[in-house]
Enquirer: 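Below are the structure tokens for one structure; questions will follow.
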Amino acid sequence: MSTPVLDVRGLAYAYPDGHQALFGVDLHVHRGERVALLGPNGAGKTTLVLHLNGILAAGAGTVAVSGLPVAKEHLQEIRRRVGVVFQDPDDQLFLGSVRADVAFGPHNLGLRGAELDARVMTALEQVGMAEHVDRPPHHLSFGQRRRVAVATVLAMQPEVLVLDEPSSNLDPASRRELADILRSLDVTVLMVTHDMPYALELCERSVILHDGTIVADGSTRDLLTDDALMARHRLELPYGFDPRTVGPAPGRAPAPAAPAGPTG
Amino acid sequence: MGAGHGHRLHFHGHSALHRAAAHHKVLALLGFMLVVVATPRGWWWAYLAEGVLLGGVVLASRVPLGFLARRMVVETPVLVFAALLPLIAHGERVDVLGLSLSRSGLEGAALLLVKATFGVVAGLTLAATTEPQALLAGLARLRLPHQLVQIAAFMVRYLDVVTDEMRRMRVAREARGFTARDPRHWGVLARSVGALFIRSYERGERVHLAMLARGYDGRIPLDLDRPQAPAVAPRGHGHAHGHAHEHAAAPVPALLTAPAEHA
Amino acid sequence: MHVPDGFFDAPTSAATAVVAASAIGTSLYLARRRELDDRTAPLAGLVAAFVFATQMLNFPVAGGTSGHLMGGALAAVLVGPATAILCLSVVFLVQALLFADGGITALGTNILLMGVVTVLVGYGVFRVLQAVLPKRASLVPLLAGLGALVSVPAAALVFVGLFEVGGTVDVPLGTLASAMLGVHVLIGIGEAVITAAAVAAILKVRPDLVHGARRLPTATPLVVRTSPVATPAAPAAPTGGEA
Ligand SMILES: Nc1ncnc2c1ncn2[C@@H]1O[C@H](COP(=O)(O)OP(=O)(O)O)[C@@H](O)[C@H]1O
Ligand SMILES: [Mg+2]
């Protein structure tokens with residue numbers, strides 16, 4: 001059996017103010033999987049995400065990325081492997097231009113010159129934002145900013161892409177465009193979401209986090225159709241959406257031109 | 001975004017002044033205003049010359065005069081103070097419209113108005129012809145400490161976000177029929193201030209996390225705004241146009257060009 | 001009001017600029033070492049944007065007049081004096097260069113008066129009171145308010161002093177001092193009440209953010225509980241066997 005890309009064992013964490021958010025999380029994600037992380041507000045999803053690239057340090061338990069433990073001495077490498085797209089693109093786009101924001105990560109990895117330019121443009125092309133490279137991020141629409149935020153992470157060529165509520169606040173067209181982008185990427189994905197149709201469409205597998213522990217793990221369709229389970233964990237399907245009647249999720253789109261992510 | 005914020009002072013244009021390097025403009029502003037401030041009282045011809053020079057620069061910038069005039073409201077408090085000076089200053093009195101005014105106060109007020117107005121017009125012209133980002137880069141070139149430039153850069157970046165949050169809170173207060181009219185309402189304003197601080201600070205924390213997630217090590221490179229490769233972009237993306245820049249990038253170490261593959 | 005160009009003579013402007021620059025230099029060192037480390041740029045930048053926004057907030061004083069928050073004491077109690085000086089200095093720098101609010105030759109004067117003096121006096125009063133009074137978190141808002149109350153007239157007095165030395169108009173010292181103090185005591189009361197109430201509101205939600213009330217985090221033992229992982233009704237077949 002292959003080493004999981006994400007290997008979380010018994011992870012517990014309390015914030016400095018004493019509030020404990022995680023109570024022993026176990027989660028394994030394998031190469032090439034797209035996994036949805038579901039759970040009500042305050043379940044600890046963002047807290048878990050922040051452990052995956054060592055922004056928060058485990059209070060108990062371990063996190064490893066492709067076998068490499070998340071620990072101080074490996075942080076640089078871990079952060080290259082795990083790309084986190086935060087919930088609010090304004091938090092992620094902090095520099096004066098799209099180019100500078102996308103270049104920030106690869107520059108910190110040591111890329112310079114033409115190599116850096118190429119990285120920036122490739123990542124922006126992947127999200128369809130290449131023409132906006134010289135604009136200030138705060139002049140872009142929300143959907144465009146979310147896409148640039150994804151590009152800032154793709155430019156680091158991560159092995160696993162972690163997205164915190166990627167479809168929130170997007171209008172339907174932007175939501176669709178982002179789904180197409182995510183489907184076209186050849187990279188392992190862990191996606192935090194409240195958007196059940198999105199989870200069903202993009203992710204074969206889902207896990208449910210509730211009160212700081214993983215309470216369910218299985219195929220997205222099975223989870224979403226288990227009414228008792230859904231109700232127990234305060235998860236609801238949007239009005240009129242019935243996962244039983246939705247066709248099979250479209251498969252991974254064949255990635256045409258060489259994608260950024262390394263293949264496993 | 002970007003509309004109706006009242007503090008968008010940049011006026012898009014292509015005049016020589018727009019194209020001039022930001023650090024030259026800042027130095028010119030500082031030099032000019034130092035001369036103005038040091039011009040002795042009574043040298044009216046010198047003030048005239050300074051005014052003509054400033055007027056010429058403003059015309060050359062092709063920023064509409066109305067654009068500048070509307071932004072001159074920042075000078076209002078100075079006008080009020082200048083109006084008070086002749087009433088309270090020492091010295092020989094003169095009668096103007098039945099008011100006994102101090103001659104030195106009148107002169108002082110006139111001089112203050114001239115200097116302050118020059119300062120405001122010159123400053124507004126700088127702001128109107130210089131993108132905030134270019135200004136920040138100019139400050140860095142003038143050797144303003146890196147940390148200070150960074151703080152200013154984050155402030156400028158999030159100014160709209162934060163003032164927007166404050167505006168939304170005010171709208172929310174007013175939507176519920178509240179307008180601050182007297183000191184009894186200070187408490188409500190204070191709670192908004194507290195909430196705004198928490199939101200701003202928490203955003204700062206999240207931004208810091210987002211920076212760490214991309215390998216931030218305490219330094220922010222300042223020159224990422226332009227393509228890094230030497231003049232002609234080898235990949236032909238055509239995005240290097242118009243950015244004549246003299247910095248040739250260092251040759252890329254072969255190591256870094258290896259595909260990022262991991263066992 | 002921000003001091004415009006031509007308000008003080010050139011030597012006074014230069015001298016205040018030197019004092020302001022050394023205060024900023026010291027603050028840069030202290031902020032990095034003691035207050036914010038590598039979070040300095042993003043956090044101080046956001047706090048500067050916050051101060052800028054609160055300075056746009058007018059509060060009604062009396063008879064139709066209004067003052068606006070200066071924020072020196074508030075910032076000092078919230079983020080520490082060194083970071084506060086940096087934030088306020090950057091606010092004045094940006095106001096001068098992007099908004100022409102405050103003269104560029106008076107930048108040092110503005111930073112000194114409304115940044116350094118309000119922060120040092122406000123924080124100084126706060127700390128001295130904290131040292132002599134019982135150390136209770138519930139007192140922090142009151143002390144912050146008292147710091148703010150003193151800081152505003154203190155800045156006005158320094159302004160009067162500077163005007164006496166380097167003012168461009170001969171105004172009787174007594175008249176100016178009493179006029180400035182009168183107005184600024186009123187504004188100071190508003191600043192004090194708003195500072196105290198804002199600090200109290202922040203203490204309720206995120207006490208850890210208030211520098212002036214900082215305490216060591218209490219180390220509570222972590223609880224680990226393992227709940228059974230439900231596999232949904234129909235058998236699922238995720239890639240790679242799960243434990
Ligand atoms: N910085 C923090 N300090 C203290 N508690 C926090 C902090 N951030 C989040 N929490 C708390 O931790 C719990 C989990 O939060 P979070 O991981 O953000 O949940 P989710 O992303 O699932 O909505 C919540 O109860 C939240 O209030
Ligand atoms: Mg969350």
Side-chain angles (χ1 to χ4, degrees), chain B residues 7 9 29-30 33-34 36-38 74 77-78 85 88-91 104-105 108 111-112 115-116 119-120 123-124 126-127 132 135 145 147-148 150-156 158-159 162-163 166 180-183 186-187 189-191 193-194 196-198 200-201 203-204 207-208 211 218 220, chain C residues 1 4-7 9-10 13 24 28 32 38-50 52-54 56-57 59-62 69 78 86-87 89-91 93-94 96-101 103-105 168-172 175-176 179 190 193-194 197-199 201-202 205-206 209:
Chain B
H7 63 252
L9 294 195
L29 172 67
L30 185 61
M33 287 319 299
L34 282 176
V36 169
V37 169
V74 289
V78 184
L85 275 180
I88 59 174
H90 272 310
S104 77
L111 215 55
L112 172 62
K115 291 181 179 185
V120 171
L124 286 175
L126 170 77
L135 194 62
Q147 280 276 311
L148 228 45
Q150 289 308 333
I151 297 173
F154 279 98
M155 174 187 166
V156 169
Y158 289 104
L159 210 51
V162 172
T163 49
M166 192 178 76
R181 262 182 307 271
D182 66 64
W186 286 352
L189 293 183
R191 275 194 294 283
V193 171
L196 188 67
F197 173 77
I198 293 174
S200 305
Y201 198 93
R203 186 180 293 278
V207 170
H208 179 246
M211 295 169 72
I220 304 169
Chain C
M1 150 178 121
D5 289 304
F7 205 91
D9 61 19
S13 304
I24 292 172
L28 276 173
R32 248 192 113 76
D38 74 335
R39 297 175 305 154
T40 301
L43 279 183
L46 261 303
V47 174
F50 158 77
F52 180 93
T54 54
M56 285 164 49
L57 188 79
F59 57 83
V61 181
L69 217 55
L78 291 178
L86 293 183
C87 293
S89 302
V90 166
V91 168
L93 176 76
V94 169
L97 288 178
L98 286 182
F99 301 85
D101 197 4
I104 190 166
T105 60
T168 46
V169 182
D170 189 14
V171 171
T175 320
L176 184 64
V193 173
I194 295 186
V199 169
I202 296 163
V205 189
R206 293 259 340 238
L209 293 195

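Proteins get letters first, then strands, A, B, ... in listed order; numbering begins at 1 in each.
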Enquirer: Using a cut-off of under 4.5 Å for heavy-atom pairs, which of V120(B), V156(B), I198(B), L124(B) has the most such pairs with chain C?
Expert: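 With the most close heavy-atom pairs to chain C, the winner is I198(B).
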Enquirer: Quick one: are K115(B) and P4(C) in side-chain contact, heavy atoms under 4.5 Å?
Expert: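 A side-chain contact under 4.5 Å is absent here.
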Enquirer: Determine the minimum heavy-atom distance between V90(C) and A152(B), stating which atoms define it.
Expert: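 So the minimum-distance heavy-atom pair works out to CG1-CA, 3.5 Å.
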Enquirer: When you look at V47(C) and F197(B), which way does the side-chain contact (heavy atoms from CB on, under 4.5 Å) test go after all the steps?
Expert: CA-CA 7 Å; V47(C) 174; F197(B) 173 77; 4.3 Å; yes
Enquirer: Might you point out which heavy atoms bring V74(B) and F99(C) nearest each other, and give the distance in Å?
Expert: CG1-O, 3.8 Å
Enquirer: How far does CE of M155(B) sit from CG of L46(C), to the nearest 0.5 angstrom?
Expert: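 Going from the CE atom of M155(B) to the CG atom of L46(C) covers 11.0 Å.
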Enquirer: Need one label for V199(C): side chain, backbone, both or neither, based on atoms under 4.5 Å from any heavy atom in chain B.
Expert: neither
Enquirer: Find the one option among L112(B), I151(B), L126(B), L29(B) whose heavy-atom pairs under 4.5 Å with chain C are most numerous.
Expert: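 That would be I151(B).
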Enquirer: Do F52(C) and V162(B) have side-chain heavy atoms sitting under 4.5 Å apart?
Expert: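 The answer is no, as the side chains (C-beta and beyond) never meet within the 4.5 Å cut-off.
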Enquirer: If you compare all heavy atoms of V207(B) against all heavy atoms of P42(C), which two are closest, and at what distance to 0.1 Å?
Expert: CG1-CB, 4.1 Å
Enquirer: Pick from A201(C), G190(C), A197(C): which one has the most heavy-atom pairs with chain B under 4.5 Å?
Expert: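 Between A201(C), G190(C), A197(C), the count favours G190(C).
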Enquirer: Between atom CG of L43(C) and atom CZ of F154(B), what is the distance when rounded to the nearest 0.5 Å?
Expert: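 Rounded to the nearest 0.5 Å, the CG-CZ separation comes out at 9.5 Å.
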Enquirer: Determine, stepwise, if the pair V36(B) / D5(C) fulfils side-chain contact (heavy atoms from CB on, under 4.5 Å).
Expert: CA-CA 9 Å; V36(B) 169; D5(C) 289 304; over 6 Å; no
Enquirer: If we define contacts as heavy-atom pairs under 4.5 Å, which of L78(C), V94(C), L69(C), L176(C) has the most with chain B?
Expert: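 Among the listed options, the one with the most contacts to chain B is L78(C).
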Enquirer: For chain B, find which of V205(C), I194(C), L28(C) contributes the most heavy-atom pairs closer than 4.5 angstrom.
Expert: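 Counting heavy-atom pairs under 4.5 Å, the top option is I194(C).
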Enquirer: Quick one: CZ on F50(C) to CE on M166(B), what's the gap to the nearest 0.5 Å?
Expert: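 If I round to the nearest 0.5 Å, the distance is 10.0 Å.
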Enquirer: G123(B), G194(B), A38(B), A153(B): which one forms the most heavy-atom pairs within less than 4.5 Å of chain C?
Expert: G194(B)
Enquirer: Given a strict heavy-atom distance threshold of 4.5 Å, which part of L135(B) is in contact with chain C: side chain, backbone, both, or neither?
Expert: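 The side chain, not the backbone.
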Enquirer: So, taking the atom named CG in L148(B) and the one named CG in L93(C), what distance separates them when rounded to the nearest 0.5 Å?
Expert: 7.0 Å
Enquirer: Once you round to the nearest 0.5 Å, how far does CG of L98(C) lie from CG of L159(B)?
Expert: 8.5 Å
Enquirer: If you look at every heavy atom in A10(C) and V37(B), which pair is closest and at what distance?
Expert: N-CG1, 4.1 Å
Enquirer: Mind checking the CE-OG1 spacing from M33(B) to T105(C)? Nearest 0.5 Å is all I need.
Expert: 5.5 Å
Enquirer: What option among S200(B), S104(B), P77(B), A127(B) has the most heavy-atom pairs under 4.5 Å with chain C?
Expert: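 Looking at each of S200(B), S104(B), P77(B), A127(B) in turn, S200(B) comes out on top.
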